[in-house]
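Keep in mind that this is a model prediction, so the values were computed, not measured. Computed from heavy atoms alone, side chains included, the values below leave out hydrogens, waters and symmetry copies. Proteins get letters first, then strands, A, B, ... in listed order; numbering begins at 1 in each.
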Amino acid sequence: MNPPILQLQNVSYTYQGDTPALYHADFSVDSGERVALLGSNGAGKSTLLLLCNGVLAPESGQVLLNGQPVVHKGQSLRQLRQTVGLVFQNPEEQLLGASVRSEISFGPMNLGLPQDRVVRAVEDAAAAMNVTRYLDQPPQYLSGGEKKRVTIADILAMESQVILFDEPTASLDPGHTDLLEVTLAQLHEQGLALVVSTHDVSFAWRWATRAVVVTGGRILRDGPIEEIFSDDALLSQAGLHKPELFAVSQLLFPQLPPAQYPRTLEDFTRRLQP
Amino acid sequence: MLRALLGAVIVWGLAVGRLSPALALIAAAAAAGLLWLPLRHGHSHDDWTAIDYYALQSRLHSVPTGLKALTALALIVLTLAARSPLVSLLVWVLTAAVTVLAGRTPARTWARLFLTPLTFVLLSGLALLFDVAAVPGGVVSLPCFGVYLTIPAQAQTSTLVILTGAAASVSCLYALCLSTPMPQLIAALGRVHVPELLIELMYLIYRYIFVLSGTLSQMKIAAAARLGYGTFRRSFTTTASIMTSLLVSSFQRASASFDAMQSRCYEGKLRFLEQKSPLRAGHLGSAAVLVALPLAAALLERMGRG
Ligand SMILES: Nc1ncnc2c1ncn2[C@@H]1O[C@H](COP(=O)(O)OP(=O)(O)OP(=O)(O)O)[C@@H](O)[C@H]1O
Ligand SMILES: [Mg+2]
């Protein structure tokens, strides 16, 4: 059996002082997975994602890429950052280029790809995220949802195999959240592994198959999402709510296994009709 | 207001002794009226971002930056070398026409932007035009605290040359800035081997001006919502604390942005893909005409004189 694409073994990290932001974390992602990272504010979700992408170096423990330990420098680190892309929570922090084209080209240029491949990568990524129209505009005049799509195109252009999203829905309105879900579905179809940190449990329930619960810098549970939402003690310990659809389904369909509960409202109404 | 007054004084100073006194006064009044007009429409607070915005909308923004920069430079050099109000006027009209008619920058925007540096130009015109002398002389002498403010005829000529030259040069620069977005201008500087560090700095400043000014305006609104500007004293302390937190948030933002750059394999060198726009014969031809017209005027004038 192949090793997972990305694996964190017993990883700890402390910013300043002596309370670690993350301790003894074990986590892995493999191709095609849809993982929701759940936890309250300050739980350590962003820290975990930064460690996965190699922006932070683990204080102890190690990160493995395709089974090989990552040395935190040079080619090995570059390989990690290319394979595992990170979309930052706030687009303003990530957007750097003076035009959308140069913005998307930043990653592939840093990878040292030849000019014509950069051009192709930028155009493909822009087309996939539907931002081709804006290629020659500066990012500051785009709307929040468009900026988000550009930041995703940034990562697509690097041909990553795993994409990490730090709270992608936080600044989006419902319409843009729907669009983002469509985007996530497209990326999933291309076989990418996706990890999304979120506070939105309904979104997590609709979209993810696996959930990882973080609280106080520890990974409390990692498993199928229906098991996590069935565990009331775990949810209250992590300060999480149960998705409403899930709670209602528990009352209405006690005979069903939780994995078969409806995930969307349409699904739910269909289930109610005889 | 100040600008209209200055304009009137300067125009009168330039005209007096050359035109009949009544005509000079009428010219001065007309100048004041013209300079007064655009003010009545109120003005926008963020002209410096407006330039960038209009540059993007310009129909000329796909013309190669190098060609535009070279044309503007050639026209400025020509204006300064010709030292002729007529040539300056021609350059001024041509570049304004290119900006407004070919680039489709709204005429009112152009006028507002053009008037901004004009106050300074007019102020220096005042200093050039008037002389202080113990005895009356020149075309006009105004007694003033025991001495005389005079306008020598020679000063009239040189002031006219300098003022029209300055107006034409400003118009040339606006033709460039209002048709070329900042990043393209910076990229063009990079191609002529301005040091890389400077270029990267310019990119980052350009990018973060928008981020920081956005944060600043949000903070100001938040403070105003909590009556932070109620009294003069209060607005003073509010402004001070806004500036402090802007500094702190800039640091946080810088560190977050650095993380984001590193996550995309940044290793100490900013590298972007650049879009090159093709050089078209039409563009080249128009640029040639643009330079040829004032050049011909300058040569003809010189021949006529000599
Ligand atoms: N740059 C930093 N310097 C110092 N401490 C930090 C820094 N970033 C995060 N921390 C601390 O580390 C802990 C975990 O933070 P982290 O950002 O990973 O949480 P999170 O789960 O992403 O929270 P949120 O939902 O608010 O984004 C918090 O206690 C936070 O205060
Ligand atoms: Mg976070």
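- Heavy atoms of A:F88 lying under 4.5 Å from chain B belong exclusively to its side chain.
- Of the listed residues A:L95, A:V87, A:L80, A:V84, the one with more heavy-atom pairs under 4.5 angstrom with chain B than any other is A:L95.
- Chosen from B:Y206, B:Y203, B:Y208, the residue pairing most often with chain A at heavy-atom distances under 4.5 Å is B:Y206.
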**Request:** Would you check, one step at a time, whether the test salt bridge (charged side-chain N to carboxylate O under 4.0 Å, His left out) holds for B:E267 with A:R78?
**Result:** CA-CA 9 Å; B:E267 277 156 12; A:R78 204 171 311 137; 2.8 Å; yes

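- The OG atom of B:S263 sits 11.0 Å away from atom CG of A:D166, with the distance rounded to the nearest 0.5 Å.
- The part of A:V122 that comes within reach of chain B is its side chain, from C-beta onward, which places non-hydrogen atoms under 4.5 angstrom from that chain.
- With a 6.0 Å radius and a threshold of 12 heavy atoms from other residues, nucleotides or ligands, B:E196 has its CD atom at or below the threshold.
- For chain B, the nearby part of A:I155 is the side chain; its heavy atoms alone come within less than 4.5 Å.
- Within the 4.5 angstrom heavy-atom criterion, atoms from both the backbone and the side chain of B:M261 approach chain A.
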**Request:** Just do the side-chain contact (heavy atoms from CB on, under 4.5 Å) check on A:Q94 and B:R264 with the steps written out, would you?
**Result:** CA-CA 10 Å; A:Q94 189 180 327; B:R264 284 198 278 159; 4.1 Å; yes

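- Across all their heavy atoms, A:D136 and B:L56 have their closest contact at O-CD2, 4.3 Å.
- Heavy atoms closer than 4.5 Å to chain A are found in both the backbone and the side chain of B:Y266.
- In this structure, chain A has no heavy atom under 4.5 Å from any part of B:I186.
- Ring planes of A:Y141 and B:Y53: perpendicular class, angle over 60° (limits at 30 and 60°).
- Across all their heavy atoms, B:C265 and A:M158 have their closest contact at SG-CE, 3.8 Å.
- Within the 4.5 Å cutoff, no side-chain heavy atoms of B:D259 are placed close to those of A:E93.
- Within 6.0 Å of CZ on B:F236 lie no more than 12 heavy atoms contributed by other residues, nucleotides or ligands.
- Of the listed residues (A:L96, A:L111, A:V119), the greatest number of heavy-atom pairs within a distance under 4.5 Å of chain B belongs to A:L96.
- By number of non-hydrogen pairs under 4.5 angstrom with chain A, the leading residue of B:Q184, B:M182, B:R253 is B:R253.
- Residue B:F258 does not touch chain A at all, counting heavy-atom pairs closer than 4.5 Å.
- Remark: side-chain polar atoms of A:R81 are paired, donor with acceptor, to backbone N or O of B:Q262 under 3.5 angstrom.
- Between atom CZ of residue B:F272 and atom CD of residue A:E103 there is a gap of 7.0 Å, rounded to the nearest 0.5 Å.
- Only the side chain of A:N90 comes within contact range of chain B, with heavy atoms under 4.5 Å apart.
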